[in-house]
Amino acid sequence: MTKSSNLTQDNRSSLDFTEESTPPQIRGVIFDMDGVITDTIEYHYQTWQQLADEEGIPFNREANEALRGLSRRDSLLKILGSRSCSEAKIQEMLDRKNRYYLEFIQNMNSDRLLPGVEKLLNELRAANIKTGIASASQNVHRVVERLGIGDRIDVITNVYNVNRPKPAPDVFVYAAEELGLLPKECLVFEDAESGVEAALAARMWVVGLGPGDRVGQAHIVLPNLQGVHWSDLLLAIQSLQG
Ligand code: BG6
Ligand code: MG
């Protein structure tokens with residue numbers, strides 16, 4: 001871990017490995033997508049803002065922060081608050097928001113990868129670590145294709161593959177199953193409070209990316225993936241296992 005990476009190991013209890021003489025190795029890494037691999041959070045903000053303006057609903061960047069990790073539908077319901085709306089109107093707004101979003105992402109490419117992501121993916125490949133993405137986004141396949149990283153991702157899942165969205169653990173448990181791994185063999189990168197909660201509930205190791213008041217429940221907190229190396233992360237996890 002680089003000094004500037006601001007690694008914090010808190011006093012959160014590490015996973016319970018009491019039934020084993022040695023802690024299991026980490027064999028897989030599961031990434032959230034929006035806000036971890038790519039900065040699409042800004043696109044989501046712009047498109048929710050456009051929809052809210054058209055509907056005369058107050059919205060701003062701060063309100064958008066509370067939507068990180070939520071599904072599109074849960075996000076809209078949060079924006080609507082106590083306003084009542086027919087199901088048809090809700091569906092129309094969800095479709096409209098996604099139309100705006102698809103316009104934003106149609107020309108995106110690897111330039112939209114967040115700093116450090118590509119290097120880390122290459123290191124994981126070299127270290128024979130399996131990789132997955134577990135996202136709340138229905139656009140996950142489309143975005144991964146645009147970013148050009150599909151060749152370094154073994155499994156792509158989203159919350160529509162499972163019953164319950166984040167903060168339920170389902171999408172991470174499902175991704176681990178698809179990778180052929182136990183939850184405790186997986187490490188998750190997340191930028192959302194609901195995502196950190198989901199990964200902890202899945203009994204996985206969790207690296208939170210962002211401010212402590214958002215992801216401070218994670219085992220390790222880093223500002224982002226810039227300068228993060230797999231070997232350093234493994235050492236940090238091993239010291240937590242100790
Ligand atoms: C999450 C984002 O990953 O996906 C949310 O953090 C977003 O901001 C959600 O609303 C749903 O994305 P999509 O692409 O299905 O509208
Ligand atoms: Mg995210």
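Any value given below was found using the heavy atoms of this structure, including those in side chains, with hydrogens, waters and symmetry copies removed. Note that ligands are numbered from 1 as they come in the structure, with each ligand's atoms numbered from 1 the same way.
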Students often mix this up, so state it plainly: with edges at 30° and 60°, are the rings of Y101 and Y43 parallel, tilted or perpendicular?
perpendicular

Mark yes or no for whether T131, through its side chain, and R152, through its backbone, hold a donor-acceptor pair below 3.5 Å.
yes

Test of understanding: given a 4.0 Å heavy-atom threshold, classify the contact between V140 and ligand 1 as side chain, backbone, both, or neither.
neither

Looking only at N, O or S atoms in D191, which is nearest to the Mg ion (ligand 2)?
OD1

What atoms of ligand 1 come within less than 4.0 Å of a heavy atom belonging to S75?
10 (O)

Any N or O of I41 that comes nearer than 3.5 Å to an N or O of ligand 1?
no

Of G35, A136, G195, S194, which has the heavy atom at the shortest distance from atom 11 (C) of ligand 1?
A136

Suppose I only count heavy atoms of Q138 and a 4.0 Å limit; which atoms of ligand 1 are within that range?
13 (P), 14 (O), 15 (O)

Shortest non-hydrogen pair, H219 vs M204, comes out as CE1-O, 3.4 Å

To the Mg ion (ligand 2), the closest N, O or S atom belonging to D34 is O

Within the distance-only criterion (no hydrogens, no angle test), does the side chain of R214 pair as donor or acceptor with the backbone N or O of D191 below 3.5 angstrom?
yes

Which option out of S71, A66, S137 puts a heavy atom nearest to atom 14 (O) of ligand 1?
S137

Please identify which atoms of ligand 1 are closer than 4.0 Å to at least one heavy atom of N139.
13 (P), 14 (O)

4.0 Å heavy-atom contact, M33 with ligand 1:
no

Do N158 side-chain atoms and S137 backbone N/O form a donor-acceptor pair below 3.5 Å?
yes

Any nitrogen or oxygen of D34 lying under 3.5 Å from a nitrogen or oxygen in ligand 1? Just yes or no.
yes

Those atoms of ligand 1 less than 4.0 Å from some heavy atom in R72:
11 (C), 13 (P), 15 (O), 16 (O)

Are D170 and R164 close enough for a salt bridge, meaning some N to O gap below 4.0 Å?
yes

Numbering the atoms of ligand 1 from 1, which are under 4.0 Å from a heavy atom of L70?
1 (C), 4 (O), 5 (C), 7 (C), 9 (C), 10 (O), 11 (C)

With distance as the sole test, does R142 use its side chain to make a donor-acceptor pair with the main-chain N or O of N139 at under 3.5 Å?
no

Evaluate the criterion side chain to side chain donor-acceptor pair (under 3.5 Å) for residue pair N122 and E118; output intermediate values, then yes/no.
CA-CA 6 Å; N122 292 341; E118 186 136 41; 5.1 Å; no

Suppose I only count heavy atoms of G69 and a 4.0 Å limit; which atoms of ligand 1 are within that range?
2 (C), 6 (O)

Shortest-distance N, O or S atom of D32 relative to the Mg ion (ligand 2):
OD2

Short question: side chain of S75, backbone of S71 - any donor-acceptor pair under 3.5 Å?
yes

Could E55 and R83 be called an ion pair, given the rule that one side-chain N must be under 4.0 Å from one carboxylate O?
no

Short N or O distance, R68 and ligand 1, threshold 3.5 Å exclusive:
no

